[in-house]
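What follows is a short report on a single structure.
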Amino acid sequence: PVSDQDEGSLTNEQYCFSAISCLYNLGLCYHTAWAKGKCDAQLLLSAKQCYDQAFALTSKCTVCPTDTILPILMAVCHNSSHCHGELADYGQYNHWNKKLRQVLEFSKESESNRSFFLFNSFFNSFSRVSAPAA
């Protein structure tokens, strides 16, 4: 059968999934640089911005419970939550942990693919507050 789509061109979903993957990986580069001892808050802010943009792209495409992009979205939510926690923005930390739980509930991924995120989602659901000054 002949397709209306040019050979080699991407569908909207493929384009979105590729962009989400690229933004996630860019965020991961900033996040990893921070974790390797740079400890520069700007690195975390840049990582967080990439993760936020990656998740925002999901509104531009149709995501199904069996899509291969879901583990990346779980990682986006988890990593964004971590960035916010390290930056002591606990409202956003909780917001992204809630988004992670929503993606987990939506996903039809196997338990083995979800176990890391399920574990972290559970432990991150407890309140994080700063200790009072001594």
Side-chain angles (χ1 to χ4, degrees):
V2 178
S3 171
D4 290 339
Q5 187 177 356
D6 293 335
E7 191 173 315
S9 64
L10 296 175
T11 65
N12 185 53
E13 275 70 28
Q14 290 170 326
Y15 176 80
C16 281
F17 290 1
S18 296
I20 289 168
S21 297
C22 289
L23 285 165
Y24 166 72
N25 282 304
L26 182 57
L28 193 57
C29 289
Y30 286 121
H31 205 159
T32 302
W34 173 85
K36 285 190 173 189
K38 302 275 191 238
C39 295
D40 179 358
Q42 188 57 48
L43 289 169
L44 275 183
L45 291 169
S46 295
K48 178 189 76 67
Q49 186 176 21
C50 290
Y51 298 143
D52 292 352
Q53 290 175 351
F55 198 87
L57 278 176
T58 61
S59 67
K60 304 287 185 198
C61 56
T62 304
V63 180
C64 299
T66 56
D67 281 337
T68 56
I69 197 70
L70 287 171
I72 294 174
L73 292 178
M74 291 175 204
V76 164
C77 294
H78 174 267
N79 290 1
S80 187
S81 179
H82 178 259
C83 289
H84 286 288
E86 291 296 325
L87 293 167
D89 185 350
Y90 300 120
Q92 285 296 304
Y93 168 86
N94 291 328
H95 169 79
W96 281 101
N97 194 50
K98 182 178 178 181
K99 281 193 179 292
L100 173 57
R101 288 191 304 273
Q102 290 170 340
V103 173
L104 284 165
E105 290 170 8
F106 176 73
S107 172
K108 299 292 184 212
E109 282 289 315
S110 69
E111 193 69 29
S112 62
N113 288 347
R114 297 171 10 150
S115 60
F116 171 80
F117 298 108
L118 285 166
F119 180 77
N120 280 288
S121 175
F122 171 75
F123 284 106
N124 290 344
S125 65
F126 298 105
S127 296
R128 275 181 93 168
V129 294
S130 299

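Any value given below was found using the heavy atoms of this structure, including those in side chains, with hydrogens, waters and symmetry copies removed. Positions are given from 1 along the sequence.
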field: From OH (Y24) to CD (Q53), nearest 0.5 Å
entry: 16.0 Å
Distance-minimising heavy-atom pair for A54 and I20: O-CG1, 3.4 Å
query: Distance-only, no hydrogens or angles: does the N25 side chain make a donor-acceptor pair with backbone N or O of C22 under 3.5 Å?
result: no
- prompt: Can you name the closest pair of heavy atoms from S80 and D52 and give their distance?
  reply: OG-OD1, 3.3 Å
message: Going by the rule side-chain contact (heavy atoms from CB on, under 4.5 Å), which residues pair with L26 if we only count those two or more places apart in sequence or in a different chain?
response: Y30, C50
- prompt: Has the side chain of S59 got a donor or acceptor atom that lies under 3.5 Å from a matching backbone atom of A56?
  reply: yes
Side-chain atoms of residues 41-48: list all donor-acceptor pairs with protein atoms under 3.5 Å, sequence neighbours left out, distances to 0.1 Å.
| residue | atom | partner | partner atom | Å |
| --- | --- | --- | --- | --- |
| S46 | OG | Q42 | O | 3.1 |

field: Donor-acceptor under 3.5 Å (N12 side chain, C61 main chain)
entry: no
- request: List in chain and number order the residues that pass side-chain hydrogen bond (donor to acceptor under 3.5 Å, both in side chains) with Y51, two or more places apart in sequence or in another chain; answer none if no residue qualifies.
  value: H31, N79
message: Measuring only between side-chain heavy atoms, which start at C-beta, is F106 closer than 4.5 Å to L73?
response: no
- prompt: How many angstroms lie between atom CG of N97 and atom CD of Q92, to the nearest 0.5 angstrom?
  reply: 12.0 Å
- line: T62 and E13 have their tightest heavy-atom pair at N-OE2, 3.1 Å
- prompt: Between T58 and F55, is there a donor-acceptor pair closer than 3.5 Å when you use the side chain of the first and the backbone of the second?
  reply: yes
- prompt: Which value, rounded to the nearest 0.5 Å, describes the distance between W96 atom CH2 and H78 atom NE2?
  reply: 13.5 Å
message: Before you tell me yes or no, could you show the steps for F17 and I72 under side chain to side chain contact (heavy atoms under 4.5 Å, CB included), namely the whole-Å CA-CA distance, both residues' side-chain angles and the distance that decides it to 0.1 Å?
response: CA-CA 9 Å; F17 290 1; I72 294 174; over 6 Å; no
- request: Give the minimum heavy-atom separation between S21 and I69, together with the two atoms involved.
  value: OG-CD1, 3.8 Å
Side chain to side chain contact (heavy atoms under 4.5 Å, CB included), paired with C77, selected from K98, H95, K99: K99
message: Rounded to the nearest 0.5 Å, what separates atom CE in M74 from atom CG in L70?
response: 5.5 Å
- line: Heavy-atom closest pair (T11 atom, Q14 atom, distance to 0.1 Å) is N-OE1, 2.8 Å
